[in-house]
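The structure that follows is given in the form of structure tokens.
Sequential numbering from 1 along the given sequence is applied to the chain's residues.
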Amino acid sequence: MKERKASLLLHPYVLLFIAILSVSVSSIMIKSSDTPTAIAGMYRLYISAVIMLPFVPWKTIRSLHLTAKEWGTFFLGGLLLGLYLLFWMESLVYTSVASSMVILALQPLFVMIGSYFIFRERAGILSLLCLVTALFGSIIIAWGDIGVSREALIGDGLSLIGTILVSAYMLVGQKLSQKIDANLYSVVVFFLGGSVLLIYSILRGFSITNYDSSDWTYFFLLAIVPTIFGQYIFNRLLKTIGATTVSVGIIGEPVLAIMLAYLFLGETISIFQSVGGLITLLGMLMYFWQQSLQHSPSKRLSY
């Protein structure tokens with residue numbers, strides 16, 4: 001992996017943990033609300049864009065030198081983000097938090113494949129072993145949660161599509177991270193993603209404004225916790241540690257989501273989830289340890 005420098009207040013892995021914990025909360029919040037998922041996703045992105053607007057260095061816009069293809073990739077990022085939230089949030093209507101989140105654990109595999117073809121990044125044998133270990137843990141988690149009902153299959157299918165979309169979104173972000181400020185990139189893709197969900201909501205005939213104060217609080221919390229403290233931090237880290245490492249960290253999201261679902265939704269934790277969760281965390285720690293060894297003291301990142 002090529003060295004990337006970025007100005008960060010905390011160590012990238014500390015920020016990655018904060019982001020993973022934040023996005024893990026979103027599944028609990030979505031499960032606890034009856035609001036249409038497209039509406040929740042739309043306001044989640046729009047409110048985040050508005051909050052972040054004052055922090056965008058607009059002077060950098062004049063210094064942007066993007067080709068037509070790069071502008072197209074920029075807008076593709078917003079489209080992918082909106083579609084990802086639509087499919088993944090909708091999957092939670094049909095399946096459990098554990099099942100949906102475990103499928104998301106396939107994300108680093110898709111990102112790793114994409115990184116090879118787009119960035120020519122080659123994963124070492126040890127990195128692959130760590131990833132396989134983490135994925136094996138995710139499979140064990142899912143084993144006790146596999147259902148044969150039609151609804152469960154629909155939910156798992158939606159989650160799989162969402163995983164492919166968010167993997168592509170991560171790769172787009174990494175591709176543009178060297179040319180576009182993370183704040184500007186996040187505001188634009190959040191706005192575009194919200195617009196995708198707005199169009200979908202209008203086509204479905206959902207009410208755009210007729211919601212209770214508790215729903216608006218829910219939208220605001222979705223914007224603050226899983227979006228700004230989650231997705232935005234992911235966007236920042238794409239320049240520093242790359243899409244593959246960010247995605248490997250996201251494998252831990254199902255483990256945290258399962259724990260939160262147990263605490264707040266009363267969902268039980270099976271022996272499969274307990275054992276699989278430990279193996280997943282072991283694989284992740286092995287991967288991060290291996291990555292840290294690749295950076296000698298003279299090549300450490302700037303924070």
Side-chain angles (χ1 to χ4, degrees), residues 6 8-33 37 40-52 55 77-78 80-89 91-92 97 100-105 107-108 111 159 162-163 165-174 177 182-183 185-194 197 217-261 264 284:
L8 299 175
L9 295 177
L10 299 173
H11 191 283
Y13 290 157
V14 174
L15 290 174
L16 183 59
F17 175 76
I18 293 173
I20 295 168
L21 180 61
S22 298
V23 295
S24 299
V25 174
S26 65
S27 57
I28 310 301
M29 298 172 68
I30 294 165
K31 272 285 192 179
S32 303
S33 175
T37 54
M42 176 190 72
Y43 281 117
R44 166 182 178 173
L45 294 176
Y46 275 159
I47 294 173
S48 298
V50 171
I51 292 174
M52 292 186 60
F55 302 98
L80 290 170
L81 178 60
L83 291 176
Y84 150 63
L85 286 178
L86 177 61
F87 280 96
W88 176 69
M89 292 175 73
S91 75
L92 294 173
V97 169
S100 179
M101 298 300 295
V102 165
I103 292 175
L104 272 177
Q107 181 180 333
V111 171
S159 184
T163 301
L165 291 168
V166 74
S167 300
Y169 169 74
M170 288 286 185
L171 292 169
V172 166
Q174 180 174 329
S177 63
N183 289 21
Y185 176 77
S186 297
V187 167
V188 174
V189 295
F190 288 169
F191 176 79
L192 292 174
L197 295 171
T217 301
Y218 163 61
F219 298 153
F220 182 79
L221 290 175
L222 276 178
I224 295 295
V225 182
T227 310
I228 293 179
F229 280 95
Q231 196 61 58
Y232 165 66
I233 292 179
F234 288 149
N235 290 343
R236 288 293 306 269
L237 292 176
L238 290 174
K239 183 176 182 179
T240 308
I241 58 179
T244 300
T245 301
V246 170
S247 296
V248 170
I250 294 174
I251 293 181
E253 186 179 344
V255 180
L256 292 175
I258 289 169
M259 294 173 62
L260 292 173
F264 297 103
M284 287 174 54

Which distance, rounded to the nearest 0.5 Å, do you find between the OG1 of Thr240 and the CG of Leu16?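 Reported value, rounded in 0.5 Å steps: 11.0 Å.
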
Which pair of non-hydrogen atoms, one from Arg44 and one from Leu85, has the smallest distance, and what is that distance?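 For Arg44 versus Leu85, the nearest heavy atoms are NH1-CD2, 3.6 Å.
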
Show, in sequence, the C-alpha distance, side-chain angles and deciding distance for Gln231 and Tyr169, and conclude whether the side-chain contact (heavy atoms from CB on, under 4.5 Å) test is met. CA-CA 11 Å; Gln231 196 61 58; Tyr169 169 74; 3.2 Å; yes

Show, in sequence, the C-alpha distance, side-chain angles and deciding distance for Met52 and Tyr232, and conclude whether the side-chain contact (heavy atoms from CB on, under 4.5 Å) test is met. CA-CA 10 Å; Met52 292 186 60; Tyr232 165 66; 3.3 Å; yes

Is a donor on one side and an acceptor on the other found under 3.5 Å between the side chain of Asn183 and the backbone of Phe55?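 Yes; at least one donor-acceptor contact below 3.5 Å.
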
Ala168: side chain to side chain contact (heavy atoms under 4.5 Å, CB included) partners, not counting sequence neighbours: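 With sequence neighbours excluded, Ala168 shows a side chain to side chain contact (heavy atoms under 4.5 Å, CB included) to Leu80, given in chain and number order.
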
Begin with the C-alpha distance, continue with both residues' side-chain angles, and end with the deciding distance and a verdict on side-chain contact (heavy atoms from CB on, under 4.5 Å) for Val14 and Phe17. CA-CA 5 Å; Val14 174; Phe17 175 76; 5.9 Å; no

Do side-chain atoms of Ser26 reach the backbone of Pro226 as a donor and acceptor pair under 3.5 angstrom?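 It does not hold such a pair.
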
Heavy-atom distance under 4.5 Å between the side chains of Phe234 and Met170, does that happen here?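 Result yes, sub-4.5 Å side-chain heavy-atom pair found.
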
Closest contact, heavy atoms only, Thr163 versus Ser167: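 Of all heavy-atom pairs spanning Thr163 and Ser167, the closest is O-OG, 2.7 Å.
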
How close do Leu165 and Tyr84 get, heavy atom to heavy atom, and via which atoms?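 What the structure gives for the nearest pair is CD1-N, 3.8 Å.
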
Can you tell which of Leu237, Val246, Ile233 makes a side chain to side chain contact (heavy atoms under 4.5 Å, CB included) with Pro12?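 It is Leu237; the other options fail the test.
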
Please examine the side chains of Leu81 and Leu192, heavy atoms only from C-beta on, and report whether any two atoms are closer than 4.5 Å.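 The answer is no; the side chains never approach within 4.5 Å.
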
Checking side-chain contact (heavy atoms from CB on, under 4.5 Å) for the pair Trp88/Val166: CA distance, chi angles, key distance, verdict? CA-CA 9 Å; Trp88 176 69; Val166 74; over 6 Å; no

Name the orientation class of the two ring planes belonging to Tyr13 and His11 (parallel below 30°, tilted from 30 to 60°, perpendicular beyond 60°).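 Rings of Tyr13 and His11: tilted, 30 to 60°.
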
Flag side-chain contact, heavy atom, 4.5 Å: Leu45 against Phe191: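 No; the side chains remain at least 4.5 Å from each other.
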
Looking only at heavy atoms, which two atoms of Leu197 and Gly82 are closest? And how far apart?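 Leu197 and Gly82 have their closest heavy atoms at CD2-O, 3.5 Å.
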
When you look at CE of Met259, are more than 12 heavy atoms from neighbouring residues, nucleotides or ligands closer to it than 6.0 Å?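 Atom CE in Met259 is not packed in, count stays at 12 or less.
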
Please report the interatomic distance CG(Leu21) to CD1(Ile18), rounded to the nearest 0.5 Å.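 Here the interatomic distance stands at 8.5 Å.
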
Just checking Phe190 against Tyr46, ring centres under 6.0 Å apart?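 No.
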
Which heavy-atom pair separates Ala40 from Phe219 by the least distance, and what is that distance?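 In this case the closest contact between Ala40 and Phe219 is CA-CE2, 3.7 Å.
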
Nearest 0.5 Å, please: how far is OG in Ser186 from CD1 in Ile228?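 Reported value, rounded in 0.5 Å steps: 9.5 Å.
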
Got a second to check how far Ile47's CD1 is from Met42's CE, nearest 0.5 Å?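 Reported to 0.5 Å precision, the distance equals 9.0 Å.
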
Spacing of CD belonging to Gln174 relative to CD1 belonging to Ile241, to within rounding of 0.5 Å: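 Reported value, rounded in 0.5 Å steps: 10.0 Å.
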
State the OG-CG distance between Ser177 and Leu238, to the nearest 0.5 angstrom.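 If I round to the nearest 0.5 Å, the distance is 6.5 Å.
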
Listed partners of Ser247 passing side chain to side chain donor-acceptor pair (under 3.5 Å), at least two apart: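 By the side chain to side chain donor-acceptor pair (under 3.5 Å) rule, Ser247 matches Gln107.
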
Closest non-hydrogen atom pair between Ala19 and Gly230, with its separation: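 Looks like CB-O, 3.6 Å.
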
